[in-house]
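Please read the structure below before turning to the comments.
Keep in mind that the numbers below use all heavy atoms, side chains included, and drop hydrogens, waters and symmetry copies.
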Amino acid sequence: MTLASFFAYVGVAALVICTPGPDTALTIRNTLLGGRAGGLLTAFGVATGLSIWALATSLGLVALLVASEPVFRAIQYVGAAYLIWLGVMALREAFRRQGQASSAAPELLPPRRLAPATAYRQGLVSNLGNPKIAVFFASLLPQFAATSGSFTTLFLLGLVFAAMTLFWLSAYALVVAKAGDVLRRSQVRRVIEAVTGGLLLALGLRIAAEQR
């Protein structure tokens with residue numbers, strides 16, 4: 001693989017990664033719920049999922065997944081259902097808190113307890129439940145590999161994508177956590193939870209309705 005091809009790949013990957021999607025919405029939500037640790041662990045879960053997809057692509061397993069309509073659809077619907085469930089939970093929490101703000105001063109809500117394992121698992125399952133990533137890897141990675149069947153090259157390209165995603169989502173988590181008191185004001189947090197919940201719900205419905 002030439003240096004020019006590698007930089008071209010990084011450019012394409014950056015455009016894809018910077019486009020907001022389910023992983024971004026989930027990272028923001030979990031940062032609000034669990035603070036900086038919750039957001040970072042969600043990002044690590046997403047990166048782990050991408051690494052698994054990269055390994056499956058390199059081994060040729062993704063090609064089998066894409067070729068199998070029942071398996072592809074099963075993963076698609078399970079992943080969509082999981083995002084919809086997370087979205088509904090976020091919306092329920094936002095509406096449950098409605099009207100709880102103090103009349104004297106804006107109420108500061110501490111981050112709710114979000115177990116580290118839960119944050120990591122949500123990031124992992126959210127990513128693995130999106131078979132479109134498998135299709136994306138299967139179509140993108142071979143275009144930049146010197147030999148399309150090279151396990152090492154394909155896997156390393158996938159790991160680069162995962163590392164870039166980890167960096168980007170971690171930056172989101174740090175920015176949201178840095179905002180601290182502003183985002184923990186009851187009214188602001190309800191709005192953000194409602195928006196992220198709506199996004200997760202909409203993205204889940206879109207994934208469920210998408211064709212290959």
(message) To check you understand the geometry: which heavy-atom pair defines the closest contact between L91 and G198, and what is its length?
(response) CD2-N, 3.8 Å
(message) Can you tell me how far apart CZ (R29) and CG (L114) are? Round to the nearest 0.5 Å.
(response) 8.0 Å
(message) Less than 4.5 Å apart, side chain to side chain, heavy atoms only: is that true for F137 and L50?
(response) yes
(request) Could you check N127, I52, T57, L128 and say which one makes a side-chain contact (heavy atoms from CB on, under 4.5 Å) with I133? (result) N127
(request) Spell out, yes or no, whether V125 and V88 are grouped together once hydrophobic residues are joined by side-chain heavy atoms under 4.5 Å, including indirect joins. (result) yes
(message) Tell me the closest heavy-atom pair linking T27 and A173, and the distance in Å.
(response) CG2-CB, 4.2 Å
Hey, can you pull the donor-acceptor pairs under 3.5 Å for the side chains in residues 158-169, sequence neighbours left out?
residue : atom : partner : partner atom : Å
T165    : OG1  : F161    : O            : 2.9

(request) Taking the side chain as every heavy atom from C-beta outward, state whether Y172 and T24 have any atom pair closer than 4.5 Å. (result) yes
(request) Could you grab the distance from atom CZ of R121 to atom OG1 of T42, nearest 0.5 Å is fine? (result) 10.5 Å
(message) Would you say that F151 contacts L55 through its side chain, given a criterion of any heavy-atom pair below 4.5 Å between the two side chains?
(response) yes
(request) Go through the steps for V46 and S126 under the test side-chain contact (heavy atoms from CB on, under 4.5 Å), then give the verdict. (result) CA-CA 7 Å; V46 170; S126 170; 5.8 Å; no
(request) Kindly work out whether a path of hydrophobic side-chain contacts (I/L/V/M/F/W/Y, heavy atoms less than 4.5 Å apart) joins W85 to L201. (result) yes
(request) For T48 and Y120, work out which heavy atoms get closest and say how close. (result) OG1-OH, 2.8 Å
(request) Starting at CZ of F155, measure out to CG of L59 and round the result to the nearest 0.5 Å. (result) 8.5 Å
(message) Nearest 0.5 Å, please: how far is CG in L86 from CD in Q122?
(response) 5.0 Å
(request) Spell out, yes or no, whether V12 and W53 are grouped together once hydrophobic residues are joined by side-chain heavy atoms under 4.5 Å, including indirect joins. (result) yes
(message) With a 6.0 Å cut-off (strictly less than), is the heavy-atom count around CZ of F136, excluding the residue itself, greater than 12?
(response) yes
(message) Applying a strict under-4.5 Å side-chain criterion to I, L, V, M, F, W and Y, I'd like to know whether V176 and F44 cluster together.
(response) yes
(request) Could you grab the distance from atom CG of L141 to atom OG of S58, nearest 0.5 Å is fine? (result) 7.0 Å
(message) side-chain contact (heavy atoms from CB on, under 4.5 Å), that's the test. Do F144 and F6 meet it? Break it down for me.
(response) CA-CA 7 Å; F144 292 93; F6 176 75; over 6 Å; no
(request) Drop me the distance from L140's CG to L157's CG, to the nearest 0.5 angstrom. (result) 8.0 Å
